[in-house]
Asks: 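Quick one: structure below, then a few questions.
Every chain is numbered from 1, with letters handed out A, B, ... down the list of sequences.
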2 protein chains.
Amino acid sequence: MERFFLALADGTRLRLLNLMGEHEICVCFFVLVLGQSQPKISRHLAYLRRAEMVTARREGKWMHYRITMPPNEGAAKVLQQTLAWLKEDAAMQQDWTRLRRACCSPAKFVALAGAPAPSVVSG
Amino acid sequence: MERFFLALADGTRLRLLNLMGEHEICVCFFVLVLGQSQPKISRHLAYLRRAEMVTARREGKWMHYRITMPPNEGAAKVLQQTLAWLKEDAAMQQDWTRLRRACCSPAKFVALAGAPAPSVVSG
DNA sequence: GACACACATTCGTCAAGGCGTATATAATGG
DNA sequence: CCATTATATACGCCTTGACGAATGTGTGTC
């Protein structure tokens with residue numbers, strides 16, 4: 001349980017989880033939206049992976065991350081509630097806005113030309 | 001928000017929060033039930049106090065601690081859900097059992113003779 | 001196979017915080 | 001006021017993990 005909360009106890013990781021929500025997102029979008037170095041993003045994603053809070057899927061050159069609900073019911077509820085809390089936060093909402101902008105007109109972001117857009121998690 | 005989760009990211013602090021639940025508890029009971037050194041308990045309680053997750057009340061020589069729900073609604077819900085999760089954990093339930101034993105027959109525990117028993121928080 | 005791209009990992013440095021031990025403070029009782 | 005009890009804090013040591021910078025790995029393309 002310690003591990004679980006340690007995974008949540010970092011601003012960058014909370015921002016990543018907020019962006020994922022119920023979507024599957026490519027690393028390049030994280031880097032763009034958070035405006036942080038790629039190694040930093042990657043390290044935090046690795047931490048979340050080790051904590052079994054997200055899973056990664058490779059698609060060609062790109063890696064997609066999504067949240068995986070913990071098997072334990074209590075933990076899942078806490079995570080859900082945490083995500084709901086994040087949605088109410090102003091800074092987190094800004095991240096969301098930035099993500100939408102990057103998705104809907106990726107042409108504006110040269111770095112993302114052709115990058116796979118975030119998609120809603122099916123199952 | 002980081003601070004909030006950092007406060008939850010420690011086994012000892014989770015055990016303390018679990019014991020408090022909706023009760024107000026004296027430090028000496030924490031020491032007895034967790035079986036850890038008094039300074040350790042005290043340090044973790046101080047941490048929770050700084051995180052504004054608990055408040056202390058003095059009663060003569062004794063200090064009583066209780067959980068204070070954060071003003072932010074989202075945070076409060078996460079904390080509530082966390083406490084619910086703790087209740088389902090076997091180790092946490094054992095702590096509860098030990099607490100009840102100490103309360104109902106304090107005579108068995110010489111160290112606690114005369115210590116103020118835990119009480120349900122009124123408001 | 002050489003290159004470019006997307007991402008992951010490693011390395012050295014640094015701060016936060018956990019621990020045991022020792023000591024300080026606060027209240028009560030003689 | 002001095003001793004005792006209950007709790008808090010200070011100190012030194014050690015581990016975890018965050019960071020930037022550099023480097024490694026995997027996958028398409030020519």
Asks: Within this structure, what is the NZ-to-P distance between Lys61(A) and dC3(C), rounded to whole angstrom?
Replies: 17 Å
Asks: Please give, in whole Å, the distance from dA21(D) P to Gln36(A) CD?
Replies: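 The distance from CD of Gln36(A) to P of dA21(D) comes to 13 Å, rounded to the nearest Å.
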Asks: In whole Å, I'd like the distance from the CH2 atom of Trp62(B) to the P atom of dA8(D).
Replies: 14 Å
Asks: If you pin Arg58(B) and Arg3(A) to their nearest nucleotides in DNA chain D, which one's is more 5'?
Replies: Arg58(B)
Asks: Is the closest side-chain heavy-atom distance between Thr12(B) and Arg43(B) below 4.5 Å?
Replies: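 No, their side chains stay 4.5 Å or more apart.
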Asks: Please report, rounded to the nearest Å, how far the P atom of dG26(D) is from the CD atom of Glu59(A).
Replies: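 It works out to 19 Å between those atoms.
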Asks: Do Gln38(A) and dA8(C) share a donor-acceptor pair, side chain to base, under 3.5 Å?
Replies: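 Such a pair exists between side chain and base.
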Asks: Would you kindly give the NE2-to-C1' distance between His64(A) and dA6(C), to the nearest whole Å?
Replies: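 The answer, rounded to whole Å, is 11 Å.
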Asks: Which whole-number value in Å describes the distance from Tyr65(A) OH to dA6(C) C1'?
Replies: 11 Å
Asks: From CZ of Phe5(A) over to P of dA16(C), roughly how many Å is that when rounded to an integer?
Replies: 23 Å
Asks: Within the 4.0 Å heavy-atom criterion, would you say Phe30(B) contacts the bases, only the backbone, or no part of the nucleic acid?
Replies: nothing
Asks: For residues 4-23 of chain A, which residue pairs qualify under ring-ring contact (aromatic ring centres under 6.0 Å, His included), counting only residues two or more places apart or in two chains?
Replies: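 Counting only pairs at least two positions apart or across chains, the ring-ring contact (aromatic ring centres under 6.0 Å, His included) contacts touching residues 4-23 of chain A are Phe4(A)-Trp85(B), Phe5(A)-Trp85(B), His23(A)-Trp96(A).
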Asks: Please work out which residues in residues 43-56 of chain B have a non-hydrogen atom less than 4.0 Å from an atom of DNA chain C and list them by number.
Replies: Arg43(B), His44(B), Tyr47(B)
